[in-house]
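The structure under discussion appears below in the form of structure tokens.
Numbered from 1 within each chain, the chains take letters A, B, ... in sequence-line order.
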Protein chains: 2
Amino acid sequence: MTETQILNYALNQFAGIDADAFELSAPYWQRKTYAKGEFYNEYKNVCKYLGFILDGVFRTYYIDDDSADEKNVFFYSKNQVVVAYKSFVTQTPCSYYTESMTESTVLYIHINHLNELYGKSHDWERFGRLVAETAFNLAMNRAEQFMFRTPEQRYLELIQNHPDIFNNVPLYHIASYLGIQAPSLSRIRKRMVGK
Amino acid sequence: MTETQILNYALNQFAGIDADAFELSAPYWQRKTYAKGEFYNEYKNVCKYLGFILDGVFRTYYIDDDSADEKNVFFYSKNQVVVAYKSFVTQTPCSYYTESMTESTVLYIHINHLNELYGKSHDWERFGRLVAETAFNLAMNRAEQFMFRTPEQRYLELIQNHPDIFNNVPLYHIASYLGIQAPSLSRIRKRMVGK
DNA sequence: TGACGATCTTAACTTGGGTTAAGAATATAG
DNA sequence: CTATATTCTTAACCCAAGTTAAGATCGTCA
């Protein structure tokens with residue numbers, strides 16, 4: 001499959017974008033490769049693009065003023081959308097950094113073109129709504145992980161639900177995502193060997 | 001001001017709903033009072049109504065299978081929307097309970113009527129989008145509170161940003177919302193006296 | 001393959017929340 | 001205005017995560 005076909009297929013799966021609707025969007029998608037550590041969007045920048053990950057893993061992280069260290073907020077991997085959602089929909093500066101953690105390839109579309117598509121087709125309107133719901137679910141899941149689960153439970157769920165991320169990301173980044181320090185994650189892993 | 005005028009004003013503030021658009025919706029709004037402890041929506045029920053709180057405080061909470069105790073997820077108070085958002089937009093059973101914590105008064109609208117309004121007016125379409133954004137912000141803020149702040153910081157921010165809630169809710173419910181036990185909140189409060 | 005840098009684990013100690021149960025303070029109703 | 005229920009605080013003990021620094025392991029590239 002060509003990259004365009006992959007995108008077509010994925011958009012159809014995600015939001016029922018049909019061949020005609022995809023045709024409308026075809027001229028707008030651009031391709032970009034990211035080096036490891038390259039930013040998708042930076043702190044204080046307005047996010048103008050919505051990206052579809054063909055390959056690679058991205059993370060968005062927060063830099064704490066006091067503690068000065070990075071806290072991972074979201075991971076995004078292959079066949080997922082990468083976007084600084086709030087910044088993108090409100091076109092306001094972002095509070096986070098979003099960077100590529102590996103060599104990555106992305107197809108992306110500009111917000112103006114997306115807005116244009118919203119007006120042209122119900123399929124794309126539905127896509128917009130589903131991206132909104134996805135963003136909400138992402139945020140809500142994150143809140144629930146912290147409100148209802150222990151670090152150990154969060155760790156197990158990550159391995160279960162996102163082995164692709166677990167297998168491609170250093171443990172100290174996993175720890176940060178789980179809301180704990182690297183030594184704590186080591187202890188959790190050690191404790192679990194007995195089970 | 002009559003209750004309808006209050007609603008009209010609030011909808012205009014929130015989403016720029018103009019007089020004509022409000023007129024369209026007027027026949028659909030219903031009024032209901034809730035006794036303390038009465039449910040707005042229950043676990044496993046599909047949330048069919050979006051409510052506007054004229055007076056009172058609501059909470060949504062989660063019941064943990066293991067620990068068996070309630071965990072407060074959101075508070076909603078006067079002049080805010082109360083709705084089990086995910087259940088409402090997807091019309092699927094809710095994972096939470098949402099109940100009134102005080103005597104409350106609500107104006108509510110059925111999802112079918114709201115969908116009807118979306119088709120009839122751009123003002124109402126915008127309203128729908130803004131409710132979606134509000135829900136996202138609520139969830140994202142909650143995630144951020146847990147990812148980036150200590151329990152003490154969360155406590156201070158709650159007092160700062162939501163004194164109305166702080167003043168109308170027992171401390172053990174605040175503790176649950178902050179993700180800690182009541183004795184821990186007492187310790188935090190004691191620690192803070194010195195500052 | 002050998003050396004360097006990156007990553008992961010471990011140890012020792014500190015800190016803060018969890019748990020349980022008792023008691024103090026506050027509200028509420030009779 | 002007392003009795004009762006509700007809410008809040010305190011105490012004592014436990015346990016998990018934070019912190020810091022050292023050492024082990026792993027990868028990579030010259």
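- Linking ILVMFWY residues whenever their side-chain heavy atoms come closer than 4.5 Å, directly or via other members, leaves A:Phe166 and A:Tyr172 in distinct clusters.
- We find that OH of B:Tyr172 is positioned 9 Å from P of D:dT6, with the value rounded to whole Å.
- In this structure, CG of B:Leu171 is placed 10 Å from C1' of D:dT9, rounded to the nearest angstrom.
- A:Lys190 places its NZ atom 8 Å from the C1' atom of C:dT9, with the value rounded to the nearest Å.
- Hydrophobic clustering places B:Ile174 together with B:Ile159 (ILVMFWY residues linked when any side-chain heavy atoms are closer than 4.5 Å, directly or through intermediates).
- Here B:Lys32 pairs with B:Glu38 in a salt bridge; the nearest charged N to carboxylate O distance falls below 4.0 Å.
- Results of the side chain to side chain contact (heavy atoms under 4.5 Å, CB included) test with B:Ser77 over B:Asp164, B:Asp55, B:Val169 single out B:Asp164 as the only residue that passes.
- When rounded to the nearest whole Å, the span between CE of A:Met101 and C1' of C:dT7 equals 13 Å.
- For the pair A:His110 (side chain) and A:Asn112 (backbone), a donor-acceptor distance under 3.5 Å is present.
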Collect all protein-nucleotide pairs involving nucleotides 16-20 of chain C in which both atoms are nitrogen or oxygen and the distance is under 3.5 Å.
from: C:dG17; atom 1: OP2; to: B:Arg191; atom 2: NH2; distance (Å): 2.3
from: C:dG18; atom 1: OP2; to: B:Gln181; atom 2: N; distance (Å): 2.9
from: C:dG18; atom 1: OP2; to: B:Ser184; atom 2: OG; distance (Å): 2.8
from: C:dG18; atom 1: N7; to: B:Arg187; atom 2: NH2; distance (Å): 2.8
from: C:dG18; atom 1: O6; to: B:Arg187; atom 2: NH1; distance (Å): 3.1

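- Atom CZ in A:Phe166 sits roughly 13 Å away from atom C1' in C:dT7 (whole-Å rounding).
- By the 4.0 Å N-to-carboxylate-O rule, B:Lys120 lies too far from B:Glu125 to be salt-bridged with it.
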